[in-house]
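Chain letters run A, B, ... following the sequence lines, proteins first and then strands; every chain starts at 1. Just so you know, these numbers come straight off a predicted model, no measurement behind them. The figures here come from the full heavy-atom set of this structure, side chains too, leaving out hydrogens, waters and symmetry mates.
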2 protein chains.
Amino acid sequence: MATIKDVAKLAGVSVATVSRYLSGASKLTTSTEAKVKGAIETLSYRPNIMARSLSQSRSDMLMVLVSGVSSPFISNLLSAFSKPASARGYKVLLAETSMDQKIEATYIEALRSRLADGFVQLSAHLHPEMLDKKHTIPFVNVCECLPEATYPTVQIDDKRAAKQITEFLISLGHREIACLVGLYNDQYRSPVTVKRLDGFRDALDGNDIEFHAEWMLQGDYTTDSGVQAAQTIAEMKQRPTAVFCASDTMAIGLIRGLANLGINVPDDISVTGFDDIEMAKYTVPSLTTIRQPVEKIANAAINNLIDIIEEKAHVRQHVTIEHELILRGSTRRL
Amino acid sequence: MATIKDVAKLAGVSVATVSRYLSGASKLTTSTEAKVKGAIETLSYRPNIMARSLSQSRSDMLMVLVSGVSSPFISNLLSAFSKPASARGYKVLLAETSMDQKIEATYIEALRSRLADGFVQLSAHLHPEMLDKKHTIPFVNVCECLPEATYPTVQIDDKRAAKQITEFLISLGHREIACLVGLYNDQYRSPVTVKRLDGFRDALDGNDIEFHAEWMLQGDYTTDSGVQAAQTIAEMKQRPTAVFCASDTMAIGLIRGLANLGINVPDDISVTGFDDIEMAKYTVPSLTTIRQPVEKIANAAINNLIDIIEEKAHVRQHVTIEHELILRGSTRRL
DNA sequence: CTGAAAGCGCTTACAG
DNA sequence: CTGAAAGCGCTTACAG
């Protein structure tokens with residue numbers, strides 16, 4: 001690999017001049033400019049970004065920390081980060097931890113040593129080092145955020161969305177409504193699960209509908225867990241007439257599981273999803289769900305993050321993105 | 001941020017000693033070790049990986065270049081890279097180009113200046129700079145590979161897999177078989193599309209079945225394009241009894257589209273997919289398809305890449321991973 | 001407009 | 001076992 005020194009030598013100028021040519025900030029004589037340009041081309045020289053980052057102490061990179069990329073909602077969200085970052089001169093690097101503590105730790109190390117100028121965190125579990133004020137690096141927490149977060153967040157109003165779609169079910173005449181949420185026990189409950197369950201219960205309360213504990217099913221946001229929930233519902237002495245699911249993936253599994261057991265959606269049971277993944281349009285029946293606008297979420301996250309990095313004045317601490325209720329075929333009037 | 005100098009000063013030793021403590025390679029006195037350890041802790045020091053990479057001219061990072069992460073098959077594959085990399089002490093950084101030339105160029109720049117020690121390329125379109133022997137950096141091309149590739153590749157035998165699943169349709173008595181592949185014209189045809197189509201045609205040829213050009217439908221691997229193909233099939237004067245699809249996503253769209261038009265799968269038409277994404281089990285009907293084992297592909301790719309980087313002797317140039325025919329509900333005997 | 005030199009935060013022979 | 005010093009490839013005041 002050719003270095004800036006090689007270029008300088010070949011062009012017959014100093015490395016400082018080459019550096020200036022590269023940055024484009026200062027003016028050069030037309031002749032020196034031509035010499036440098038020629039040397040760069042014949043050597044097919046590319047600056048070493050590690051060296052550049054080291055001397056500038058910034059890398060123009062943003063990292064996105066995520067535990068897994070295979071959920072459809074997450075992967076759609078991930079797709080939306082590059083464009084807004086690129087528009088402001090930053091690259092984005094996705095780091096997926098596969099739920100592995102060690103792997104996550106290596107990314108945190110990388111972050112602490114300034115591999116990136118800042119990061120987007122897609123889970124609520126923030127590494128303690130990041131919260132330590134002494135050496136925190138800029139970040140914004142997206143989608144899975146603790147309600148008491150004292151750092152920047154971007155998310156939809158999960159509670160309100162859950163309440164809204166549940167109220168829609170109620171408006172169709174349903175009063176026997178089960179819910180299928182994520183894990184919810186003393187060991188583990190994600191912020192999103194808590195908020196969506198809260199919204200669900202709020203809707204029930206507001207309509208004088210009793211909450212049946214036995215109708216609260218727990219999954220893990222996978223389609224498989226939806227299939228399992230179908231089994232549980234089929235075995236109930238008293239079945240609900242509708243099920244609020246905290247994700248499309250679980251709703252899809254639920255519908256499929258119910259179908260296998262001879263229970264039809266929406267004729268026998270109405271089902272709602274959450275997220276509006278692409279597949280939600282194509283399942284049979286298609287899903288009534290809440291759309292989370294991934295582009296808007298990603299744009300807000302990236303722009304906020306860059307504002308923080310560049311210390312702009314107008315940084316918004318907590319950003320709420322509007323969701324949308326999408327009506328399709330998985331729900332019907334009772 | 002504390003630097004190695006700060007640690008050295010606080011511990012009362014030289015920076016070299018701190019560096020040695022960090023690398024763990026050389027032995028230190030128990031007392032100096034304790035002093036350094038203490039200093040690192042009180043300063044909560046973390047080495048700057050940019051500086052380290054610069055002086056070692058390696059970063060222990062691997063980059064995965066991908067045009068988009070939202071296809072289910074791709075996102076599953078991406079999830080599988082971290083573990084094998086981590087096992088050998090490397091981090092993986094995913095870089096998604098969103099099909100944007102400029103964004104891709106910035107990643108290529110980063111690569112050329114050694115942001116990573118090597119990369120995995122998930123598309124056949126290799127940046128010319130990477131093929132230029134003068135300054136190539138280690139990489140392996142995965143899944144979408146040109147047949148004439150002179151660089152390391154890892155993939156299944158797409159042609160054989162396509163042939164096999166088509167022969168399965170034929171064994172069920174089908175002879176009127178359409179296919180739904182990716183774009184295939186003079187402007188653009190991906191290697192995978194070409195190979196799967198070849199395999200399909202081979203199976204037809206081997207069974208004296210004529211290939212009908214009008215039964216060759218083109219999509220773009222999205223579910224939407226499958227839905228559109230359904231429309232085309234419905235309008236045909238003579239309809240096929242089976243359709244070979246080059247991806248599960250297109251097959252799912254096709255089935256959904258046919259259902260909307262009152263055409264039942266598999267009763268009226270049998271449909272096969274390709275990839276075996278998670279959703280393939282949950283569609284109605286579930287998909288008969290070819291499974292591409294993503295973990296094996298990712299393992300082979302990462303280990304091969306690291307072998308190349310570390311200049312191991314046993315690097316395999318072209319690796320073929322075994323696929324698997326999965327029989328489910330979307331196909332039936334004619 | 002251009003150059004010499006110091007500095008970014010590490011690592012690594014070379015001595016001792 | 002430990003330290004002084006050079007070097008990795010850039011950028012950036014400071015002079016001229």
Self-check item: side-chain contact (heavy atoms from CB on, under 4.5 Å) between A/Y45 and A/V36, worked out
Solution: CA-CA 11 Å; A/Y45 164 77; A/V36 175; over 6 Å; no
Practice problem: Establish, with yes or no, whether the OP1 or OP2 oxygen of C/dT2 is under 4.0 angstrom from a side-chain nitrogen or oxygen of A/T29. | Solution: yes
Self-check item: B/Y21 OH to C/dG9 P, straight-line distance once rounded to whole Å
Solution: 21 Å
Quiz item: Which pairs count as side-chain hydrogen bond (donor to acceptor under 3.5 Å, both in side chains) when at least one residue sits in residues 16-25 of chain B, sequence neighbours excluded?
Solution: B/S14-B/T17
Exercise. Quick one: the dot-bracket string of DNA chain C, using Watson-Crick and G-U wobble pairs with both distances under 3.5 Å, [ ] for crossing pairs and | for bases paired to another strand.
Key: |||.||||||||.|||
Quiz item: How many angstroms lie between atom OG of B/S75 and atom CD1 of A/I74, to the nearest 0.5 angstrom?
Solution: 11.0 Å
Quiz prompt | Under-4.0 Å side-chain N/O to phosphate OP1/OP2 contact, B/T17 with D/dG3 | solution = yes
Exercise. Give the C-alpha distance, both sets of side-chain angles, the deciding distance and a yes or no for side-chain contact (heavy atoms from CB on, under 4.5 Å) between B/L115 and A/M61.
Key: CA-CA 11 Å; B/L115 204 216; A/M61 296 204 260; 3.9 Å; yes
Quiz item: Roughly how many Å is it from CD in B/E33 to C1' in D/dT2, rounded to a whole number?
Solution: 14 Å
Quiz prompt | Minimum side-chain heavy-atom gap A/V192-A/Y221 below 4.5 Å | solution = yes
Quiz item: Rounded to the Å, how far apart are B/K27 NZ and D/dG3 P?
Solution: 18 Å
Self-check item: B/S/- contact track for nucleotides 10-16 of chain D, protein heavy atom under 4.0 Å
Solution: BBBB---
Quiz item: Which is true for A/L28 with a 4.0 Å heavy-atom rule: it touches a base, it touches only sugar-phosphate, or it touches nothing?
Solution: sugar-phosphate
Quiz prompt | B/T32 or B/S57, whichever maps to the more 5' nucleotide of DNA chain D | solution = B/T32
Quiz item: Where do B/S59 and B/D117 land on the side chain to side chain donor-acceptor pair (under 3.5 Å) test, with the steps shown first?
Solution: CA-CA 6 Å; B/S59 61; B/D117 298 334; 3.2 Å; yes
Quiz item: How would you label the contact of B/S53 with the nucleic acid (heavy atoms, under 4.0 Å): base, sugar-phosphate, or nothing?
Solution: nothing
Quiz item: Is there a donor-acceptor pair under 3.5 Å between the side chain of A/K83 and the backbone N or O of A/E295?
Solution: no
Quiz item: Of all heavy-atom pairs between A/E144 and A/L122, which one has the smallest distance, and what is that distance?
Solution: CB-O, 3.9 Å
Quiz prompt | A/Y107 side, atom OH; A/L94 side, atom CG - distance, nearest 0.5 Å | solution = 9.5 Å
